[in-house]
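So the structure is just underneath, and the comments pick up after that.
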Amino acid sequence: MINYKEIEQKWQKAWQDAKAYEPEVSDKESLMVFAAEPYLDMPQHVGHLRTYGTADVYARYMRMKGMNVLYPMCFHATGTPVLAIAKRLQNNDESLIKRLKAFHVSDKDIEKMKDPSYIAEYFRNEMKSSMQAAGYGIDWRREFVSIDPIFMKMVEWQFLRLKDKGYLKQGRHPVGWCTKDNSAVGQHDTRHDVQPELEALVAVKFKDAYSDIYFACATYRPETVYGVTNIFVGENVEYVVASVNGVMMYLSKDAATAMSYQASIKIERDISVKDLLSKRAINPVTKEEVPIFPGYFVKSDVGTGIVMSVPSHAPFDYIALQRLSTSGVKVPMPPYKKLISVEGDSSDEIPALAYLNALKAGINSADDIIESATKQIYNDESRRGVMLVGKYQGRKETEAREGIKKDLLSGGDAFEVYQIANEEPVFCRCGTRIVVKIVEDQWFINYGDKDWKNGVHTALSKISIYPRKLTQAYVNTVDWLDMRAAERAQGLGTKFPFNQSHVIESLSDSTIYMSFFTYVNVLKSASVSPEQLKPEFFDYVINSIGSADAVSSTTGIDIMVIKGCKESFDYWYRRTSSHSGPDLVNNHLTMYLFNHVALFPEKLWPKQIVTNGFINYEGEKMSKSIGSVVPLSDGVAKFGADPLRLAEITAAEIDTDTEFSLESVNGVISRNEFLYNALLDIDSLKGTELEPIDYWLYSRMNRKIEEATEHMDRLELKSAYIEAYFNSIVELKYYLERGGHNQMAMRDYLESVTLMIAPIMPHLAEEFWHALGKSTLAAKERWPTADRSMINEKIEHIYAMIDTVVSDIAQTIELTSKIDANKGKSPKSIKIIIADDWKRSAYNALSKTHKIDEAMRDPSVSGVNKEVLGKFLSQFMKRINSLSPLPEIKNDEVFIGFAGSRAFLSKRFGVPTEIELEGTSKSPRASRALPDRPSLEIIWG
RNA sequence: GCAGGGAUGGCGGAGCAUGGUCAAACGCGACAGGCUUAGGACCUGUUGCCUUAGGGCUGCGAGAGUUCAAAUCUCUCUCCCUGCACCA
């Protein structure tokens, strides 16, 4: 039995002693592999293995291919999550405490975690030890956290230079806002971790016909302003007259409060619904005067609490008017004006009614049915609608919407109202309902800059992207990214240089951290202080501005240290490979490109980005902090690092999400035992002469090396290990089953397999390597190379024929047992008759020419009786188009192969097996032999 | 809504950019047999349908098309997943 715990400890120590993963600058080709910096708010779980393990396998593989490979690691603690945990613990949040306990965090540590800095420290240690336990070949000399002062100096440099280049801008911006905490809220700040979604409504201003006060009618569909028949106000809603940026308006009280975070609002006085109902308002577009009615569906906390009524296209408006009408109120009656027609719809019926009818909905229907009619109209008209009226007549509805919105806004006839778009209200953790606030003078990174985008497109065109299918997603993200907030009022992180009371937003501070790996060890070992890391230092190291001399005198850093940093950066940043999950494509990874294009010399721009799919565990996405997850350290302790690594990393190809079950690890464990036993048994193998089956094994081995290498080079780790591991085992069994017993062949085979599994099961590979009598570290060995001359098509073809014969015999015995003559009998012996050589020649000729007459004229079959030849060839005509040529083998070679397998065949079927050649066989079935399928005769008795 | 990615056997998932070697890799599950006191693990075989000699039929979301030939190419449709920002 393999003791995983024991071999893990043994070889982890050996690697450490040999400094196997602490590469130095050299004249070898360099590669830095790095994976997304993990966030210090939860332990590593087995799902993380997908990304960090893939990076590790790749790093190990490239090292075995002869490159000088660096795999460093750092941790992310910037932003609010760490603070949020501390705060929740201070409030004794039960669910969080429960989760932490599931991760084996002790009561004592939970208590200490009320201090955020302890959270970072705790998880940093936890992650590091989990990663070591999993066998990652990380250079820990370069470890840092994103809140280390020396790192923050680099981030500061980053933002100084972004501003110099004109990429930082100030402006106004809507955010989700807690009025009690006075701060912006993101997903993790809300109750139940809901992402607050923001949306903008257009509030169209209908002037009161008899005063200078406006009805602010909020709508998603300003293009329907042409069909307004009236205005609705809520019956039980409180209304006020308020000045909005100096203009008097009617608004619901709730709206006035909410909007006070978006504009200058002054409530002048209350106004009753009754008063409002007595007024009339003027449509700013059509100039029509319309009445005001009570709308049962109007809510005070949506939009402005006032809506315009478009009964032709809005089912709620239509129903509300119907209800008023039946209760005796005199309201605008049909026909209502149809404003938009959907392609292919020729009826004159107004859409609101048509869609309600389609749902069999009427005046008394429940709101959710009317709601669904509303959604259908919205969808259909947005997708295929064309305007029938107004300035944008004939244009697509979506274009008209944008056009009218723009016209109204610029003409002062409307303004935008932001609100939370979530179906349910969103609450801050403190219990306050979230509103939308417009933040003024907010600093942004302007990813909308045209020239900058062009630069990123250039960079993108030269980067290797895995999986390739994501390429388009990157291209689109580059085009789509626009202004992005760069500073934040709360959270850990580097102070924003142009507003010291804010910190740099934590996605923005993690775009160039990977460059810091290249020289942080030099800074640390020279004990360089943060104060010494002036911008000039980074200008020099990264962009070769100035000289080491000059930087040394400005900063006081030893000149050799500066030169060391520069050399290290230039060396390690030449070639990099970034590894992460697919959720980062739309943000971090694209911003990573933007920032490099802005701040780094072109030759050091990113070279390769690899993203892997998610791992689901018991139906839940493990990358999310919620739900049940298995800590990595638990997985390693239970199954062993290597089986876990192999099972998870090869669970799916890199581009697919997958379900992972810990049970699948068991299959790996038993296969490992088989390999290990085969390895221990080598000495008992006595064969010295190479037999056909040995040539077969060498052929398969070299083919496997070739194929596995191709897959590895394309980061197709699953396919690579199906070859290098799973199929190796299948073939080894095949070899032994067929009597393979050559010690040298077996040793060569197992050495290759051991080296190929070294990247994915590094501990086991060391154990095997040493069991094979080696004294070096497998981790430092070279990946095997295929010897093409050992790939033997003929021998593989012969064994494929034998396999076919095995299944044919089984099938034939099954079928012939039902013949009356054979009832009560059992097979006594089996004859296998190998076809004459001319059949193969004729078959190959036919597969080339596709014509019987031409094939018959082929010189290779000149001596064959024409009638026999014609009859033979004619049987292939029905599948003439799918014939493929066979290797040129002589039937005596085939005979030797079959003869070598006689013992196996006899054992397999429990009866004597004879091999004959067609030419000398006396069997009546001899002439049925085909070149790739010997004829069979089962003798019953 | 916008953008990206998907749809294959009982299940997960290859294959589809280079159409034929595909009843479809690999794994799981199921069934039968072996081993075992029993269970688990492990080993062997079977696992679309039909077939009295190695054959045939149906099939890769739906529909249409191109082709001698389509899981693979083209078009249309339906459904599913992911992201949409100040949040790491």
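All chains are named by letter (A, B, ...) in the order of the sequence lines, taking the proteins before the strands, and each is independently numbered beginning at 1.
- The ring-ring contact (aromatic ring centres under 6.0 Å, His included) test with A:His76 is passed by exactly one of A:Phe123, A:Tyr513, A:Tyr39: A:Tyr39.
- Partners of A:Tyr721 according to the ring-ring contact (aromatic ring centres under 6.0 Å, His included) rule, which considers only residues two or more places apart in sequence or in another chain, do not exist here.
- Taking atom CG of residue A:Asn587 and atom C1' of nucleotide B:rA85, one finds them 8 Å apart after rounding to whole Å.
- Rounded to a whole angstrom, the distance from the C1' atom of B:rG27 to that of B:rU8 is 16 Å.
- Not counting sequence neighbours, the partners of A:Arg714 by the side chain to side chain donor-acceptor pair (under 3.5 Å) test are A:Glu716.
- Remark: A:Glu673 CD is packed, more than 12 non-hydrogen atoms of other residues, nucleotides or ligands lying under 6.0 Å away.
- The cationic atom of A:Arg124 (NZ for Lys, CZ for Arg) does not lie both less than 6.0 Å from the six-membered ring centre of A:Phe75 and within 45° of the ring axis.
- Residues A:Tyr447 and A:Asn595 have side chains that bring a donor and an acceptor to within less than 3.5 angstrom of each other.
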Short N/O separations, protein against nucleotides 42-44 of chain B, under 3.5 angstrom:
{"from": "B:rC43", "atom 1": "OP1", "to": "A:Lys733", "atom 2": "NZ", "distance (Å)": "3.4"}

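- When each of B:rA88, B:rG54, B:rG4 is scored by its nearest atom to the side-chain atoms of A:Leu507, the top-ranked nucleotide is B:rA88.
- In this structure, A:Glu673 places its CD atom 16 Å from P of B:rA41, rounding to the nearest Å.
- A gap of 13 Å separates the P atoms of B:rG6 and B:rG13, to the nearest Å.
- Nearer the 5' end of RNA chain B, as judged by each residue's closest nucleotide, is the contact made by A:Ile939, out of A:Ile939 and A:Pro174.
- Atoms CZ (A:Arg401) and C1' (B:rC2) sit 13 Å apart, rounded to a whole Å.
- The residue A:His588 sits apart from the nucleic acid: no heavy atom pair falls under 4.0 Å.
- Nearest nucleotide to the A:Arg925 side chain, out of B:rG4, B:rA25, B:rA53: B:rA53.
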Strand RNA chain B as a dot-bracket string - pairs counted if Watson-Crick or G-U with both distances under 3.5 Å, | where the partner lies in another strand: ((((((((.[[[..)....(.....]]]((((((.......))))))(((....)))...[[[[[..)....]]]]])))))))....
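- The side chain of A:Phe726 has B:rG27 as its nearest neighbour among B:rG27, B:rA88, B:rG4.
- To the nearest angstrom, P of B:rA53 lies 17 Å from CD1 of A:Ile833.
- Spacing between B:rG29 and B:rG12 at atom C1', rounded to whole Å, works out to 10 Å.
- Phosphate contact (OP1/OP2 of B:rG4, side-chain N/O of A:Asn476, threshold under 4.0 Å): present.
- Of the candidate nucleotides B:rA88, B:rA53, B:rG13, B:rA53 has the atom lying nearest to any side-chain atom of A:Leu936.
- Residues A:Met801 and A:Tyr799 are not in side-chain contact: their nearest non-hydrogen atoms beyond the backbone lie 4.5 Å or more apart.
- Judged by closest nucleotide on RNA chain B, A:Leu470 is the one of A:Ser935 and A:Leu470 placed further toward the 5' end.
- Comparing the P positions of B:rA23 and B:rG4 gives a spacing of 36 Å, expressed to the nearest Å.
- Between A:Arg50 and A:Glu648 no salt bridge is recorded (no basic side-chain N to carboxylate O distance below 4.0 Å).
- B:rG10 and B:rG63 have their C1' atoms separated by 27 Å, given to the nearest Å.
- Under the 90° criterion around 0 for the glycosidic angle, B:rA24 counts as anti.
- Rounded to a whole angstrom, the distance from the C1' atom of B:rG20 to that of B:rA3 is 37 Å.
- For A:Ala485 against A:Glu505, the heavy-atom pair with the smallest separation is O-OE1, 3.6 Å.
- Side-chain proximity of A:Ile722 to B:rA25, B:rC86, B:rA53: nearest is B:rA25.
- Between the CD1 atom of A:Ile809 and the P atom of B:rA53 there is a distance of 17 Å, given to the nearest Å.
- Residue-to-nucleotide contacts include no donor-acceptor pair under 3.5 Å from the side chain of A:Arg671 to the base of B:rG27.
- Summarising the local packing, NZ of A:Lys453 is surrounded by more than 12 heavy atoms from other residues, nucleotides or ligands at distances under 6.0 Å.
- Here the separation of B:rC22 from B:rC80, taken at their P atoms, is 35 Å to the nearest Å.
- We find that CD1 of A:Ile832 is positioned 15 Å from C1' of B:rA53, with the value rounded to whole Å.
- To the nearest angstrom, P of B:rG27 lies 12 Å from CD of A:Glu723.
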Evaluation steps, salt bridge (charged side-chain N to carboxylate O under 4.0 Å, His left out), between A:Glu937 and A:Arg925: CA-CA 7 Å; A:Glu937 186 177 358; A:Arg925 297 185 51 82; over 6 Å; no
When you compare the protein's N or O atoms with those of nucleotides 16-19 of chain B, which come within less than 3.5 Å of each other, and at what distance?
{"from": "B:rA17", "atom 1": "N7", "to": "A:Arg468", "atom 2": "NH2", "distance (Å)": "2.8"}

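- At a threshold of 4.0 angstrom between heavy atoms, the contacts of A:Pro934 include nucleobase atoms, whether or not backbone atoms are also involved.
- Within the 4.0 Å cut-off from OP1 or OP2 of B:rA25, not a single side-chain nitrogen or oxygen of A:Ser719 is found.
- One can place CG of A:Asp479 at 18 Å from P of B:rC84, the figure rounded to the nearest angstrom.
- Across B:rC86, B:rG83, B:rA85, the shortest atom-to-atom separation from the side chain of A:Asn586 is found for B:rG83.
- Counting only heavy atoms from C-beta outward, the side chains of A:Val145 and A:Cys74 never approach each other to under 4.5 Å.
- Base contact: A:Ala485 has a heavy atom under 4.0 Å from a base atom.
- With B:rA85, B:rA88, B:rG54 as the candidates, the nucleotide lying closest to the side chain of A:Arg933 is B:rG54.
- Side-chain contact between A:Phe151 and A:Thr494: absent, with no pair of heavy atoms (C-beta onward) separated by less than 4.5 Å.
- A gap of 14 Å separates the C1' atoms of B:rC26 and B:rG9, to the nearest Å.
- In this structure, the side chain of A:Glu223 does not engage the main chain of A:Ala400 through any donor-acceptor pair within 3.5 Å.
- Applying the ring-ring contact (aromatic ring centres under 6.0 Å, His included) test to A:Tyr167 and every residue at least two apart in sequence or in another chain returns A:Trp452.
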